[in-house]
Amino acid sequence: MSTKRIGLVLVAATLVLAACGRFNDEGGSTGASGGATGPSGIEHPTGADDLVLRVEYQGGFVPYEFMLKRVPAWSLYGDGTVIVEGPVIEIYPGPALPNLLAFSITEEGIQAILEAAQEAGLMDGDATYGYPCIADAADTVFTTNAGGSTSVVSAYALEFADPALSTGGDCPDVDTQARAKLAEFQRMLGDLRSWLPGPIGPEEPYTPTEMRTYVLPYRGQDDLQQSPIEWPLSQPLVAFGDPVPDGNDIRCGVVSGDDLAELLPLAEQANELTPWTSGGEEYQLIFRPLLPDEHGC
């Protein structure tokens with residue numbers, strides 16, 4: 001790969017979805033709340049909204065609007081719930097909502113993942129691994145909250161963990177060993193069913209309890225006319241949310257409760273270019289479902 005710009009390529013996780021909640025020894029669902037694991041394993045928070053491990057993409061040569069709707073690729077919570085970004089349908093315009101899937105693993109499975117994370121260097125404190133031979137790629141960011149501390153490890157252009165993939169030869173000043181460990185760990189997270197001990201729960205879509213909603217002036221395409229959807233909430237879009245810093249006329253608000261129950265079915269019908277009408281005007285909306293540990297804009 002040369003040093004010319006490359007577009008950001010996000011490979012959708014191949015994990016399947018499953019119900020929230022942990023499984024007991026008989027495979028049934030159990031509730032879990034705050035606290036930490038016993039002395040026999042790696043300590044971690046155990047609440048349903050406590051993040052234990054996350055993999056997400058940051059930056060890259062992508063439109064600003066794309067960054068607004070970007071969701072974490074892989075998240076593990078203390079009760080054993082895993083939420084991943086599922087396969088993305090290759091159509092344009094794409095769906096307005098991301099394909100978020102959820103499944104549950106046991107405490108034994110959590111411990112196996114944390115042991116693998118530890119071996120990959122994700123519990124040794126913050127670290128950053130660059131790759132100066134590539135431009136405009138994204139950072140793959142691993143956040144691990146276990147063992148009594150939180151570590152954030154970032155690897156730029158991790159899809160090029162093997163320098164042999166670069167036609168320009170070896171890239172100088174690159175920790176290839178550390179990057180290879182991170183790439184292998186990320187691959188393992190995408191193939192849990194082949195190695196993770198303990199049962200993996202039944203499959204379900206992830207339904208958020210809060211959803212970030214960005215409001216923009218409508219910028220449709222004349223050659224792709226879309227059927228409008230009427231904004232269902234009482235607050236008009238002209239007054240919805242607060243301005244996003246440096247957002248070029250973009251506002252953001254969080255929808256939850258009864259409002260979310262009313263909006264979500266309409267958002268599921270919409271696509272990225274659907275015009276939303278409110279007060280006689282058309283708007284473009286960008287939806288970003290919030291995960292259990294996320295709140296606000």
Side-chain angles (χ1 to χ4, degrees), residues 7-8 10 12 17 49 56-73 75 83-102 138 204-297:
L8 174 64
L10 298 181
L17 30 109
D49 58 353
E56 60 188 322
Y57 301 102
Q58 296 179 1
F61 187 62
V62 293
Y64 180 72
E65 289 81 0
F66 180 86
M67 295 186 184
L68 296 180
K69 66 181 181 181
R70 179 184 278 167
V71 294
S75 300
I83 301 174
V84 303
E85 185 178 18
V88 179
I89 187 170
E90 293 185 356
I91 61 172
Y92 183 80
L97 293 175
N99 181 24
L100 291 175
L101 316 175
E204 286 186 358
Y206 171 70
T207 302
T209 58
E210 297 179 86
M211 186 163 69
R212 211 174 278 161
T213 302
Y214 295 96
V215 182
L216 300 75
Y218 187 67
R219 303 164 186 159
Q221 298 183 13
D222 293 338
D223 58 339
L224 288 173
Q225 294 294 323
Q226 305 293 318
S227 299
I229 295 179
E230 184 177 355
W231 173 249
L233 306 186
S234 58
Q235 186 179 30
L237 285 176
V238 69
F240 180 84
D242 297 312
V244 174
D246 302 322
N248 296 325
D249 297 326
I250 299 176
R251 297 190 310 283
C252 178
V254 174
V255 180
S256 61
D258 292 341
D259 285 346
L260 181 58
E262 191 171 1
L263 176 61
L264 199 56
L266 296 177
E268 290 172 346
Q269 302 171 23
N271 63 51
E272 295 171 307
L273 295 182
T274 295
W276 291 78
T277 59
S278 175
E281 299 292 333
E282 290 187 341
Y283 299 86
Q284 178 182 350
L285 299 184
I286 295 176
F287 299 110
R288 168 57 161 84
L290 296 178
L291 302 192
D293 64 304
E294 297 178 320
H295 307 283
C297 281

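Note that the structure is a prediction, hence the values are computed from the model and not measured.
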Going by side-chain hydrogen bond (donor to acceptor under 3.5 Å, both in side chains), name the residues that satisfy it together with Glu294, two or more places apart in sequence or in a different chain. Arg288
Arg70 side, atom CZ; Ile286 side, atom CD1 - distance, nearest 0.5 Å: 13.0 Å
Name all residues meeting the side-chain contact (heavy atoms from CB on, under 4.5 Å) criterion together with Pro63; count only those two or more places apart in sequence or in a different chain, and write none if there are none. Glu65, Phe66
Set of ring pair (Phe, Tyr, Trp, His ring centres under 6.0 Å) partners for Tyr214, sequence neighbours left out: none
Tell me, do Ile83 and Pro72 make a side-chain contact under 4.5 Å, heavy atoms counted? no
So does Pro87 get a backbone contact from the side chain of Asn99, meaning a donor-acceptor N/O pair under 3.5 Å? yes
First locate atom CG of Asp49, then atom CG of Leu291, and finally report the distance between them rounded to the nearest 0.5 Å. 11.5 Å
Under the disulfide (SG to SG under 2.5 Å) definition, can you give me all pairs with a residue in residues 205-238, not counting sequence neighbours? none
Would you say that Leu263 contacts Thr213 through its side chain, given a criterion of any heavy-atom pair below 4.5 Å between the two side chains? yes
Leu100 versus Thr207: any side-chain heavy-atom pair under 4.5 Å? no
Going by heavy atoms in the side chains, are Tyr206 and Val71 under 4.5 Å from each other? no
side-chain hydrogen bond (donor to acceptor under 3.5 Å, both in side chains) involving Glu56 - partner list, sequence neighbours excluded: none
Would you name the heavy atoms of Ser278 and Pro236 that are closest together and state the gap between them? OG-CA, 3.5 Å
For residues 263-285, which residue pairs qualify under ring-ring contact (aromatic ring centres under 6.0 Å, His included), counting only residues two or more places apart or in two chains? Trp276-Phe287
Do you know which two heavy atoms are closest between Ser227 and Pro275, and how far apart they sit? O-CD, 3.8 Å
Sequence neighbours excluded, which residues qualify as salt bridge (charged side-chain N to carboxylate O under 4.0 Å, His left out) partners of Glu210? none
Residue pair Leu290 / Met211, side-chain heavy-atom distance below 4.5 Å: no
Ser256 side chain reached by Thr209 side chain, heavy atoms, under 4.5 Å: no
Provide the full list of side chain to side chain donor-acceptor pair (under 3.5 Å) pairs with a residue in residues 228-250, sequence neighbours left out, each pair given once. none
Between Ala138 and Tyr57, which heavy-atom pair has the shortest distance, and what is it? CB-CB, 4.4 Å
What are the two closest heavy atoms between Leu233 and Val255, and how far apart are they? CD1-CG1, 4.1 Å
Please, which pairs that meet salt bridge (charged side-chain N to carboxylate O under 4.0 Å, His left out) have at least one residue in residues 257-275, sequence neighbours excluded? Lys69-Glu272
Show me the pairs that pass disulfide (SG to SG under 2.5 Å) and involve residues 227-290, at least two apart or across chains. Cys252-Cys297
Do you know which two heavy atoms are closest between Gly86 and Leu101, and how far apart they sit? CA-CD1, 3.6 Å
Using side-chain hydrogen bond (donor to acceptor under 3.5 Å, both in side chains) as the criterion, list what pairs up with Ser75, not counting sequence neighbours. Arg54
Heavy-atom closest pair (Tyr92 atom, Leu273 atom, distance to 0.1 Å) is OH-CD1, 3.8 Å
Is there side-chain contact between Pro228 and Thr274, with at least one heavy-atom pair below 4.5 Å? no
Any side-chain heavy atom of Val215 within less than 4.5 Å of one from Gln284? no
Just jot down the side-chain hydrogen bond (donor to acceptor under 3.5 Å, both in side chains) partners of Gln226, sequence neighbours excluded, or say none. Asn271
Examine distances only and state if a side-chain atom of Arg212 and a backbone atom of Val254 form a donor-acceptor pair shorter than 3.5 Å. no
Looking at CG of Leu237 and CG of Leu285, how far apart are the two atoms once the value is rounded to the nearest 0.5 Å? 5.5 Å
